[in-house]
Amino acid sequence: MTREEIIREENLVYKKPELLNDVPMHYCPGCSHGVVHKLISEVIAEMGLQEKSIGISPVGCAVFAYKYIDIDWQEAAHGRAPALATAVKRLLPDRLVFTYQGDGDLACIGTGETIHALNRGENITIIFINNAIYGMTGGQMAPTTLLGMKTVTCPYGRDPKLHGYPLKMTEIAATLEGTCYVTRQSVQNVASILKAKRAIRKAFEYSMQGKGSNLVEIVSTCNTNWKMTPEKANQWMEENMFPYYQLGDLKDNGNK
Amino acid sequence: MAENEITLMKGNEAIAHAAIRCGCDGYFGYPITPQSEVLETLAEQKPWETTGMVVVQAESEVSSINMVYGGACTGKRVMTSSSSPGVSLMQEGISYLAGAELPALVVNVQRGGPGLGTIQPSQADYFQTVKGGGHGDYRLITLAPASVQEMADFVDLAFELAFRYRNPAMILSDGAIGQMMEKVVLPPFKPRRTEEQIAKECPWATIGRKGGRKPNIITSLELRSEEMEINNLRIQAKYREIEKKEIRFEEYKTDDAEYLIVAFGSAARIAKKVIAIAREQGIKVGLLRPITLWPFPSAKIAELGQRMKGILTLEINAGQMVEDVRLAVECKVPVQYFGRLGGIIPEPEEVVEVLKKMVK
C-alpha cells in the first residue's frame with residue numbers, strides 16, 4: 001500500500017486532530033494534559049466551532065495551552081479564568097467559551113471565581129484537570145492531594161490535622177443551581193478516553209445551547225511529581241484516586 | 001434626558017450615565033462605599049435593554065477586574081469602578097492589563113486609608129495610581145476630575161486614550177466628587193461598536209478566528225528574558241509617547257502670580273477658594289491643576305516654578321504629589337505641602353494661613 005492509499009478515509013484509523021498545532025508540547029511524557037488537549041481539539045472541530053471558540057488558559061502546567069490548540073486564547077491570572085470566561089460569554093453570547101484549569105488554579109486560589117461563575121449559570125464549560133498536585137511549581141500539596149499522599153510541602157504525607165481534607169469541588173458544583181452538567185471522567189485507557197470525549201462534547205453543546213454552566217473534571221496523573229512511571233501512575237490513580245474521586249455524571253439537567 | 005439638557009446628579013451617577021452614552025460594552029463591579037451608586041445607577045437604568053451594555057455584579061473586586069481583563073481581550077469597551085480598598089484588590093489584574101497591553105477603564109472613588117480606613121473622601125491613592133500599584137514596570141493613564149461634569153466627560157476620554165495606546169486608564173476621583181450633586185450636561189449618545197468595527201480596529205481581539213485567520217493569543221507571559229525585555233522596551237516606548245502627547249492641565253490666575261498652588265481633583269476646588277481669599281489679602285497666588293496625574297505636567301510646573309517665590313501643594317493625603325512637584329522644579333523653588341488626613345477636607349482658611357506664613 002502506498003502512503004496515499006493508507007490515508008484514504010476508509011483506511012484511516014487515526015490522525016492528528018487538525019486543530020492540534022504541529023509543535024512540540026512541554027508536557028512530560030505520560031501526562032494526561034496531551035490527551036485532554038486532543039479531545040478538546042477533536043470536539044471543537046467536529047462541532048465546527050473553530051472560528052467561534054475562545055479558550056481561557058490557567059496558571060499552572062496548562063498555562064501554555066494556547067500554543068497547542070489552534071483557536072483564540074486568553075491567558076488568565078492564577079485562578080481567575082472563570083471571571084474572564086464570564087465576561088467573554090456575556091459580551092459574545094454566541095461563542096464557545098471554555099476554561100482549562102488545574103486543581104491548584106480551580107480548587108484553591110480560584111475557588112471563589114469557580115463557584116460563583118458556576119452558580120451564576122454562566123453558559124461556559126470548565127475543564128478541570130485534577131492530578132492532586134501542583135505540577136508546574138514542582139510537586140507541592142494541592143487542595144485535592146489525598147490523605148497520606150506525599151508531596152514536597154507535605155513530605156510525610158497529607159495529615160488532616162495539619163492540612164485539612166482533599167476538596168471535592170465537583171461534588172460542590174453539582175449542588176449549585178446554576179450548573180447544568182457536572183461530571184467526573186478520566187483518560188487512562190481507550191474506553192475512558194472515549195467517555196471523556198463524549199462528556200466534553202455534551203458540556204460544549206449545553207454551553208452553546210445556553211443551558212447553564214458545565215464542569216468536566218478529568219482525574220489525571222502527574223507521573224513526574226508522583227515520581228512514578230506513566231504506567232504505574234495510571235495504576236496508582238485507579239487504586240487511590242478513583243475511590244475518593246468517583247467517576248461518572250453527578251448532574252445532567254441538559255434535557256430537563 | 002434630551003441632548004444638552006442640564007441635570008443635577010451625583011458624580012457616581014454621572015459616571016454610570018456617561019458609560020451608557022459613550023458606547024461602553026460592559027461594566028463589572030462590586031459594591032463599596034463611596035462609589036456604589038455607579039453599579040446601582042446602571043442596574044436601575046438597565047442598559048442591556050437599550051444599548052446592549054452588559055452589567056455584572058461580581059463576587060469580589062478581584063473577580064471584577066478579571067472580568068474586565070476577559071472583556072478587554074475581546075476588544076470591547078469594558079470598565080469597573082471601586083474605592084480604595086477595592087482598588088488595592090484589583091492591582092494584580094491592573095498589572096496584567098498593562099502587561100497584556102489591553103484597553104480598559106478603572107474608576108477609583110477614593111476614601112481614606114490605610115486599611116479599611118474611612119468612607120470619607122481622600123486622595124491618598126496617588127502613589128498607588130501613578131507609581132505602579134501592582135507589580136512590574138507599568139503606568140496607568142490617569143485622569144483626575146474636579147467636578148461632576150468632568151466625571152461625565154472623562155469616561156469617553158479615558159476609553160479613547162486607553163484604546164489609542166492599548167493601555168488601562170484610571171479615573172482617579174474621590175468620595176467628595178463621587179457623592180456631591182452638581183449640574184451636568186451628559187455627553188451625547190454614541191453607539192456601541194459593531195463586531196465588524198471591533199475586528200477592524202482591534203485586529204488583536206480574541207473574538208474567534210473568523211475567516212481562518214491565525215489565532216489571537218492574549219497573554220502577559222514570556223519566559224525567555226530576551227523576549228521579555230523587548231516587550232518591556234516596547235511598552236516603555238509607548239509610555240514616552242504618552243508623556244509627550246497626552247499631558248493635560250488647567251492654569252488659573254498664574255499670569256501675575258508670585259506663589260503657585262499645585263492641586264488636583266477636590267483639592268483644586270478648594271484651592272480656587274483659597275486663591276480668592278488670599279488675593280483679597282494681597283497675596284498673588286495662582287493654581288496649576290494637573291488633569292492627567294500620569295503623564296504628569298512636570299515641564300509646565302518647572303516653567304511656572306522659574307517665576308514663583310514658592311509652591312504649595314494642597315493634597316487630601318499626607319503629601320504624595322509634592323514629591324513629583326519637587327522633582328519637576330529640581331528644588332530650585334521652595335516647595336511645601338499642606339493637607340488633611342483621615343477623610344477630613346482642608347478648610348480654605350487654614351490653607352490661607354499656610355500661604356501667609358510662606359509669604360513672610
Side-chain angles (χ1 to χ4, degrees), chain A residues 18-19 21 26 44 48-60 62-97 99 109-120 122 124 136, chain B residues 25-28 30 48 52-78 80 90-97 99-100 102 104 134 192 195 198 204-223:
Chain A
E18 54 184 293
L19 289 182
N21 290 328
H26 74 290
I44 291 173
L49 292 175
Q50 44 271 61
E51 297 195 350
K52 282 195 152 189
S53 297
I54 298 149
I56 323 276
S57 66
V59 171
V63 67
F64 291 123
Y66 55 75
K67 290 188 177 180
Y68 307 131
I69 304 177
D70 192 24
I71 56 167
D72 278 3
W73 282 94
Q74 307 175 357
E75 201 283 300
H78 200 19
R80 316 301 173 212
L84 274 68
T86 295
V88 176
K89 186 66 179 180
R90 295 272 188 127
L91 291 162
L92 300 166
D94 66 336
R95 304 302 205 277
L96 174 72
V97 182
T99 71
I109 196 166
T111 313
E113 284 75 9
T114 304
I115 287 180
H116 285 281
L118 291 170
N119 196 46
R120 281 192 303 264
E122 304 293 346
I124 58 169
M136 188 64 123
Chain B
D25 297 294
Y27 171 93
F28 308 90
Y30 185 81
W48 51 93
M53 177 183 173
V54 167
V55 179
V56 179
Q57 179 171 340
E59 64 272 25
S60 67
E61 288 89 351
V62 174
S63 190
S64 304
I65 195 68
N66 283 284
M67 288 179 183
V68 165
Y69 183 96
C73 288
T74 67
K76 302 267 186 179
R77 280 188 159 208
V78 291
T80 185
M90 292 184 183
Q91 291 304 321
E92 179 199 41
I94 292 172
S95 169
Y96 274 65
L97 285 164
L102 291 171
R192 289 169 56 230
E195 249 180 56
I198 290 172
W204 44 266
T206 49
I207 51 178
R209 55 169 187 79
K210 230 179 178 179
R213 70 153 161 77
K214 276 191 175 169
N216 282 337
I217 293 162
I218 294 184
T219 179
S220 54
L221 175 68
E222 177 52 71
L223 292 180

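Letters A, B, ... mirror the listed sequences (proteins, then strands); counts begin at 1.
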query: Is B:R209 reaching over with its side chain to a backbone N or O of A:D70, donor-acceptor style, under 3.5 angstrom?
result: yes
message: Quick one: does any side-chain atom of B:Y69 pair with a main-chain N or O of A:E75 as donor and acceptor, under 3.5 Å?
response: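 The answer is yes, because a donor-acceptor pair under 3.5 Å joins these two groups.
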Which answer fits [X], side chain, backbone, both or neither, if we ask what part of it has an atom under 4.5 Å from a heavy atom of chain A?
X: B:K76; result: side chain
X: B:A205; result: backbone
X: B:L97; result: neither
X: B:I207; result: both

Shortest non-hydrogen contact from [X] to [Y]?
X: A:G112; Y: B:E59; answer: O-OE2, 3.7 Å
X: A:E113; Y: B:S60; answer: OE2-OG, 4.4 Å
X: B:G70; Y: A:A87; answer: C-CB, 4.4 Å

message: For the interface with chain B, which of A:I71, A:V63, A:T86 has the highest count of heavy-atom pairs at distances below 4.5 Å?
response: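 Ranked by contacts with chain B, first place is A:I71.
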field: Top of A:L96, A:I54, A:V88 for chain B proximity - count of heavy-atom pairs under 4.5 angstrom
entry: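 Option with the greatest count: A:I54.
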message: Could you measure the distance from the CD atom of A:E51 to the CZ atom of B:R213? Nearest 0.5 Å is fine.
response: 9.0 Å
- prompt: What's the spacing between B:I217 CD1 and A:Q74 CD if we round to 0.5 Å?
  reply: 11.5 Å
Please state whether the side chain, the backbone, both or neither of [X] comes within less than 4.5 Å of a heavy atom of chain B.
X: A:A85; value: neither
X: A:S53; value: backbone
X: A:V97; value: neither
X: A:L92; value: side chain

message: Only pairs of heavy atoms separated by less than 4.5 Å count here; which of B:N66, B:V78, B:I218 has the most with chain A?
response: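 The candidate making the most pairs under 4.5 Å is B:N66.
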Salt bridge present between B:D25 and A:R90 (N-O < 4.0 angstrom):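 No salt bridge links B:D25 with A:R90.
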- request: Give the C-alpha distance, both sets of side-chain angles, the deciding distance and a yes or no for side-chain contact (heavy atoms from CB on, under 4.5 Å) between B:L221 and A:F64.
  value: CA-CA 9 Å; B:L221 175 68; A:F64 291 123; 3.4 Å; yes
message: I'd like to know whether B:T206 forms a side-chain contact (heavy atoms from CB on, under 4.5 Å) with A:Y66, so could you lay out the CA-CA distance, the side-chain angles of the two residues, the decisive distance to 0.1 Å, and finally the verdict.
response: CA-CA 12 Å; B:T206 49; A:Y66 55 75; over 6 Å; no
task: For atom OH of B:Y30, decide whether the heavy atoms of other residues, nucleotides or ligands shown that lie under 6.0 angstrom number more than 12.
output: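 Open: at most 12 neighbouring heavy atoms sit under 6.0 Å from OH of B:Y30.
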field: salt bridge (charged side-chain N to carboxylate O under 4.0 Å, His left out) between A:D72 and B:K210, intermediate numbers included
entry: CA-CA 10 Å; A:D72 278 3; B:K210 230 179 178 179; over 6 Å; no
